[in-house]
Amino acid sequence: MLKRGFILLVAFSILLCSCNDSSIADSKSEHYEDSIMLIIDDEKILRSELERTKKSYAETSLSDAELLEGIILEAIVLGTAKDYKVSVTDKEVNEKFDSLINLDGGGLFYNKALETYGTDKKIKEAYYYSILYDKVKEKIYETYQNNYSANKDILAQRVNDYVSKYNLEEDKKENFSQDVWNTYDELMQIELFDLYFKVWQYRELDTTKIEYVDVDASSLFQKYNYELNENSLSYKGAVYGLEEWTYKKFQEVFGNILYLSNLDQAKYKNIKINGILEPEKDVKAIYIRLEDDSSKPIIITVVASETVSSFV
């Protein structure tokens, strides 16, 4: 089962997509009287939507372009709701709204939502699009599950490496191994699906009709080249120094994408791992140097980002 954390109401923007299968969605027609920034498949994205999103994300370092990209990608996801035959009922929205009202904190979360959206009607509208977004994502996850799976051999080796650290009796070892397997499998599926979903969004972006009315199209969805060596990563016009990582930290950050088993490590007399992780800047990279008795070392590099030109 795909796990998702609770989306705090004040942390997401009202998502913009024409979905008329619920009476709550009718409030979408009450647009702000301001300029149109762009049009996605006949759906207008207004400047006020960006301004409201900027207010919600004021404490982050996200640029206007990055926030607008987020709004566009959300709209693209919602635009596939009819294709996936998903809808949202008033009952589902009202249940979410009632849960918000009943949250602990003396009305703190409700009052914050009211401050952000202005009326109960608009809070419910935000919930409507949030639920719809989740339902579409669930459908995409089903497609992912039907076509992809974790490498069971590598997963088994990873479980064995971990369990071997403990001196357990056979009856306890079997149950412990199964628990570890389930945990690793779930974590891998979550991270791999996250990558799959990002790639899916960008592929949909390439086939979506977007009319840029009051925004510079060249400032959005830029694809960046990068240069990675043992000491640094050049990316998005900046240079980041790589730090020496322990094997443990490497596995914590990249273990669900790239795994070096105990057997793999035993083949090399020297393993050097340098990496960087700055998620708020979309920077995640690893440089691994493997040396054995041959004259030429093996170099493994990974840069994980949806904006790397060679990845998208």
Given Asp161 and Ser164, is the side chain to side chain donor-acceptor pair (under 3.5 Å) satisfied, shown in steps? CA-CA 5 Å; Asp161 288 346; Ser164 64; 5.1 Å; no

Test Lys209 against Glu211 for salt bridge (Lys or Arg N to Asp or Glu O under 4.0 Å), laying out the working first. CA-CA 7 Å; Lys209 178 184 175 183; Glu211 179 184 352; over 6 Å; no

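For the pair Lys135 and Tyr84, the NZ or CZ position fails the cation-pi test of under 6.0 Å to the six-membered ring centre and within 45 degrees of the ring normal. Geometrically, Lys249 does not engage Phe254 in a cation-pi contact defined by less than 6.0 Å to the ring centre and at most 45° from the axis.
For the atom pair CG of Leu205 and CH2 of Trp200, the computed distance is 11.0 Å after rounding to the nearest 0.5 Å. Note: Glu125 CD to Thr119 OG1 = 8.5 Å, rounded to the nearest 0.5 Å. How far CD1 of Ile190 is from CG of Asn256: 9.0 Å, rounded to the nearest 0.5 Å. Note that CD1 of Ile131 is 6.0 Å distant from NZ of Lys96, once rounded to the nearest 0.5 Å. Taking CD of Gln201 as the start and NZ of Lys198 as the end, the distance is 9.0 Å to the nearest 0.5 Å. Distance check, rounded to the nearest 0.5 Å: CD of Glu138 to CD of Gln145 gives 9.0 Å.
Counting only distance, with no hydrogens or angles, the side chain of Thr208 and the backbone of Glu204 share a donor-acceptor pair below 3.5 Å. Side chain of Asp185 to backbone of Trp181: no donor-acceptor contact under 3.5 angstrom is found. Checked by atom type and distance alone, the side chain of Asn274 never pairs as donor or acceptor with a backbone atom of Asn231 at under 3.5 Å. Within the 3.5 Å criterion, the main-chain N or O of Phe221 finds a donor-acceptor partner in the side chain of Glu69. The closest donor-acceptor contact from the side chain of Asp214 to the backbone of Ile36 lies at 3.5 Å or more, if one exists at all. Side-chain atoms of Gln189 never come within 3.5 Å of backbone atoms of Glu186 as a donor-acceptor pair (strictly under, hydrogens ignored). Asn160 places no side-chain N or O within 3.5 Å of a backbone atom of Ala156 that could act as its donor or acceptor partner.
Annotation for Ser219 and Ala65: closest pair O-CB, 3.8 Å, computed over non-hydrogen atoms. Heavy-atom minimum distance, Leu78 versus Tyr129: CD2-O, 3.7 Å.
Between Asp292 and Lys267, no side-chain nitrogen of the basic residue sits less than 4.0 Å from a carboxylate oxygen of the acidic one, so the salt-bridge criterion is not met. Ion pairing between Lys284 and Glu191 holds under the 4.0 Å rule for side-chain N and carboxylate O. Asp64 has a carboxylate O that lies under 4.0 Å from a charged side-chain N of Lys54, or vice versa, which qualifies the two as a salt bridge. Between Lys124 and Asp120 no salt bridge is recorded (no basic side-chain N to carboxylate O distance below 4.0 Å). A salt bridge links Arg289 to Glu291: at least one charged side-chain nitrogen sits closer than 4.0 Å to a carboxylate oxygen.
More than 12 heavy atoms of other shown residues, nucleotides or ligands fall within 6.0 angstrom of atom NZ in Lys152. In this structure, Gln265 places its CD atom where more than 12 heavy-atom neighbours from other residues, nucleotides or ligands lie under 6.0 Å away. For Glu95, the CD atom is densely surrounded, since the number of other residues' heavy atoms within 6.0 Å is greater than 12.
The ring of Tyr166 has its center closer than 6.0 angstrom to the ring center of Phe176.
At a threshold of 4.5 Å between non-hydrogen side-chain atoms, the residues Ile288 and Ile299 do not count as touching. Between Leu155 and Tyr259 there is no side-chain heavy-atom pair separated by less than 4.5 Å. No side-chain heavy atom of Leu233 sits less than 4.5 Å from a side-chain heavy atom of Val239. Tyr212 has its side chain within reach of Ile210: a pair of non-hydrogen atoms, C-beta onward, lies under 4.5 Å apart. Counting heavy atoms from C-beta outward, Ile300 and Ile286 have side chains that stay 4.5 Å or more apart. At least one side-chain heavy atom of Val303 sits under 4.5 Å from a side-chain heavy atom of Leu228. Residues Ile273 and Tyr287 are not in side-chain contact: their nearest non-hydrogen atoms beyond the backbone lie 4.5 Å or more apart. Between Ile123 and Tyr110 the shortest side-chain heavy-atom distance falls below 4.5 Å.
With sequence neighbours excluded, the residues that form a ring-ring contact (aromatic ring centres under 6.0 Å, His included) with Tyr196 are Tyr144, Tyr148.
Between Asp264 and Ser261, the side chains place a donor N or O and an acceptor N or O closer than 3.5 Å (distance only, hydrogens not considered). Donor-acceptor pairing under 3.5 Å is recorded for the side chains of Gln178 and Asn182.
Linking ILVMFWY side-chain heavy atoms closer than 4.5 Å, directly or via other members, places Leu187 and Val302 in two distinct hydrophobic clusters.
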